[in-house]
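The structure under discussion appears below in the form of structure tokens.
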Amino acid sequence: MDTTDPQVFRVVGVIEPADVPRLCEELTALLGGRDGPDVICDVGGVTRPDLATVEALARLRLTVQRLGRRMTVRNAQPALRALLELVGLDGLLTPPAAPGDRTAGTSA
């Protein structure tokens, strides 16, 4: 497993079931093949998290696993976090930042 900085794949807007194949193709193109860093799927821009979003994340995870990598999900809204917990995919979630914590890309 490559230990370099993870690659970030952003999912934004309203996710419909028809979007899933396109998202998987885009992620495959971004990763460019087997072996490499882990993938962070940033879902902070998802505007209406629902079961279609959960399906997309599950399929994206399978896509990443087929390429021998791991994926985590960050910036999930509480509603999406609850859905992922409900279907048993909460292991994908990165822990929420504690108040006052600074992460890359944030300002003081």
Side-chain angles (χ1 to χ4, degrees):
M1 178 68 57
D2 190 340
T3 59
T4 59
D5 290 335
Q7 289 184 281
V8 177
F9 182 73
R10 288 178 176 78
V11 178
V12 299
V14 176
I15 307 303
E16 300 291 341
D19 296 325
V20 175
R22 175 187 52 82
L23 289 170
C24 291
E25 289 172 11
E26 289 176 7
L27 180 57
T28 300
L30 172 72
L31 299 180
R34 299 187 69 79
D35 297 326
D38 290 346
V39 176
I40 295 173
C41 187
D42 188 327
V43 294
V46 172
T47 56
R48 190 186 71 208
D50 58 13
L51 288 176
T53 310
V54 171
E55 177 190 0
L57 292 173
R59 296 268 305 276
L60 290 170
R61 178 186 186 191
L62 290 172
T63 299
V64 168
Q65 287 178 328
R66 284 187 197 112
L67 296 172
R69 302 185 191 196
R70 294 178 294 182
M71 182 181 93
T72 57
V73 174
R74 76 173 177 199
N75 296 326
Q77 300 172 22
L80 181 54
R81 293 181 80 83
L83 284 171
L84 290 171
E85 289 172 9
L86 181 68
V87 299
L89 291 175
D90 52 316
L92 289 175
L93 295 166
T94 58
D101 278 359
R102 292 190 54 184
T103 58
T106 63
S107 59

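This structure is a prediction, so every number in the text was calculated from the model and none was measured.
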Residue pair Val87, Val54: steps toward the side-chain contact (heavy atoms from CB on, under 4.5 Å) verdict | CA-CA 8 Å; Val87 299; Val54 171; 3.6 Å; yes
Between Arg10 and Glu26, does a salt bridge (Lys or Arg N to Asp or Glu O under 4.0 Å) hold up when you go through it step by step?
-> CA-CA 10 Å; Arg10 288 178 176 78; Glu26 289 176 7; over 6 Å; no
Stepwise, does the side-chain contact (heavy atoms from CB on, under 4.5 Å) test hold for Leu80 with Val43?
-> CA-CA 9 Å; Leu80 181 54; Val43 294; 3.7 Å; yes
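A 4.5 Å side-chain heavy-atom check between Asp38 and Met71 finds every atom pair outside the cut-off. With a 4.5 Å cut-off on side-chain heavy atoms, Leu83 and Leu51 count as touching. At a threshold of 4.5 Å between non-hydrogen side-chain atoms, the residues Leu23 and Leu27 do not count as touching. A heavy-atom distance below 4.5 Å is not found between the side chains of Val73 and Thr94. Residues Val11 and Cys41 meet the side-chain proximity criterion, which asks for heavy atoms closer than 4.5 Å.
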All N/O donor-acceptor pairs, side-chain side in residues 57-64, below 3.5 Å, sequence neighbours left out:
{"from": "Thr63", "atom 1": "OG1", "to": "Arg59", "atom 2": "O", "distance (Å)": "3.0"}

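With Gln77 contributing its side chain and Val46 its backbone, the two residues share a donor-acceptor pair below 3.5 Å. Of the possible donor and acceptor atoms, none in the side chain of Arg81 sits under 3.5 Å from a partner among the backbone N and O of Asn75. Formation of a donor-acceptor pair under 3.5 Å by the Asp19 side chain with backbone atoms of Arg22 is not found in this model.
No side-chain N or O of Arg70 forms a donor-acceptor pair with one of Gln65 less than 3.5 Å apart.
Side-chain contacts under 4.5 Å among hydrophobic residues (ILVMFWY), followed directly or transitively, place Val8 together with Ile40.
Distance check, rounded to the nearest 0.5 Å: OG1 of Thr28 to CG of Leu67 gives 5.5 Å.
Partners of Pro17 by side-chain contact (heavy atoms from CB on, under 4.5 Å), not counting sequence neighbours, listed by chain and number: Ala52, Glu55.
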